[in-house]
Amino acid sequence: FGLTFAMAILDHVGNPAIPIRSFVQTRVLETAAGTVACIFVSAVSARSLRRRWPGTPAVSERGQGWRPEAFRHALECGVALAILCLLTFRFGWPGPAQAAITIMAVMMIPVNKVGRSGLIPVSTRLLHRLIGCVAGAGFAGLFLLAGHDSAAVLLPATLLGVALGRLVENGVPQWRYAGIQFTIAVLVTLVPDDYAHAAATPAVERLAGILIGMAILVPVLLLSWLASKRRRGAG
C-alpha cells in the first residue's frame, strides 16, 4: 500500500503532464498480469517440477503485537520519504519513484532483525541491492547491445537472467536479496513496452534511484541511531 502510494505521487511529480490516473491504471494492470502469470507458472510447477524437486516449506511468523522498535523503524522510513519529496520538489531530482522504492524496499526487514537500530541490516540490504542491480544491468546491457530490437535475442536472455537471479536467490541466504535485485534489473531492461524501442534507460534510472535513496536513508538511520544511543546514555 505504502509503496504504491509513494510511486504514484512521485511519478506524478516527475511527470506532471501525465495524469496520475494513468499511472494508477497501469500499476493495477501490471500487478494483475504479474499475479496471473505467477499463479499459472506455480500451478504448472506444482504438478511437474516440484514433484521431482520438492522444496522446503516456508515457516510463517506469528504476529508479535506492539513493537516500539518496529514503530521507530517505520517512522524512519517515513522521514526519509518526506525528505525525498522535499528535495524532489526543490531540485527536481531524476527518478524519484525509484528512490522511493529503494527506501521502502530496503526497510522491509523482519521485526526481529530491527533491534535497537536497523542501521546495519538496512545498510547491508542497500549494498546487496546496489550489487545486484549493477550486475543485472551489466548482464542485460550485453544482450541489449548484441540483440538490440530483436525479441529473438532478448527473450532467451530474459529467461537466462531470471534463472541466474533465482539461482542466487535460492542459494546462499546472505546473498538472497542481491539475487532478487539481479533479476529485477534484468526484467526492467530486457522486457520493454515495445521490443522495437528497447533501451538501457530503465536500468540507469533504477540505479540512480538506488543511489539517491541510499544518500537520503543512511543519514536518517545514522542520526536516529546516534539519538537513540544518546538517550540510552542519558538514562
Side-chain angles (χ1 to χ4, degrees), residues 1-47 49-50 55 58 60-61 63 74 77-78 80-81 84-85 88 94-110 125-126 128-129 132-133 136-137 140 151 154-155 157-159 161-166 168-170 176-195 197-210 212-213 217:
F1 175 87
L3 186 58
T4 299
F5 177 84
M7 289 175 63
I9 294 298
L10 289 172
D11 183 80
H12 182 66
V13 171
N15 304 279
I18 302 176
I20 194 170
R21 179 183 300 177
S22 175
F23 176 86
V24 173
Q25 290 175 341
T26 301
R27 176 76 172 168
V28 171
L29 289 174
E30 290 175 343
T31 302
T35 301
V36 171
C38 288
I39 292 174
F40 174 76
V41 172
S42 180
V44 173
S45 178
R47 294 180 175 275
L49 297 178
R50 290 185 188 173
S60 61
E61 296 185 2
C77 181
L81 285 174
L84 172 63
C85 291
T88 299
Q98 288 295 332
I101 293 172
T102 290
I103 291 172
M104 292 202 65
V106 299
M107 292 293 279
M108 291 179 183
I109 59 177
R125 205 166 159 85
L126 272 171
H128 287 180
R129 186 177 181 88
C133 181
L154 299 185
L155 281 174
T158 303
L159 295 176
V162 171
L164 289 174
R166 292 289 293 169
V168 175
E169 181 185 347
N170 294 316
R176 183 169 298 164
Y177 192 64
I180 295 175
Q181 296 310 308
F182 180 94
T183 302
I184 295 177
V186 169
L187 290 174
V188 299
T189 307
L190 298 183
V191 185
D193 294 332
D194 184 357
Y195 279 102
H197 299 89
T201 304
V204 174
E205 290 180 349
R206 185 174 180 82
L207 181 59
I210 290 175
I212 292 173
L217 183 57

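Bear in mind that the values here come from a model prediction, so they are computed numbers and not experimental data.
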Trainee: To the nearest 0.5 Å, what is the distance between CZ on R176 and NE2 on H128?
Mentor: 12.0 Å
Trainee: Please round to the nearest 0.5 Å and tell me the distance separating atom CD of E205 and atom CD1 of I212.
Mentor: 10.5 Å
Trainee: Do you know which two heavy atoms are closest between L84 and A100, and how far apart they sit?
Mentor: CD2-N, 3.5 Å
Trainee: Under the side-chain contact (heavy atoms from CB on, under 4.5 Å) test against R166, which residue among L164, N170, V168 passes?
Mentor: N170
Trainee: Taking all atoms of both residues into account, what is the closest heavy-atom pair of G136 and V186, and its distance?
Mentor: O-CG2, 3.8 Å
Trainee: Run T102 and L126 through side chain to side chain contact (heavy atoms under 4.5 Å, CB included) and show every step you take.
Mentor: CA-CA 8 Å; T102 290; L126 272 171; 3.8 Å; yes
Trainee: Mind listing the closest non-hydrogen atom pair of A185 and C133 along with its distance?
Mentor: CB-O, 3.7 Å
Trainee: When rounded to the nearest 0.5 angstrom, what distance separates CG in L154 from OG1 in T158?
Mentor: 6.5 Å
Trainee: May I ask you to say whether R27 pairs ionically with E30, meaning some side-chain N is under 4.0 Å from a carboxylate O?
Mentor: no
Trainee: If you round to the nearest 0.5 Å, how far is CD1 of I210 from CG of L217?
Mentor: 12.5 Å
Trainee: I18: which residues meet the side chain to side chain contact (heavy atoms under 4.5 Å, CB included) condition with it, sequence neighbours left out?
Mentor: N15, S22
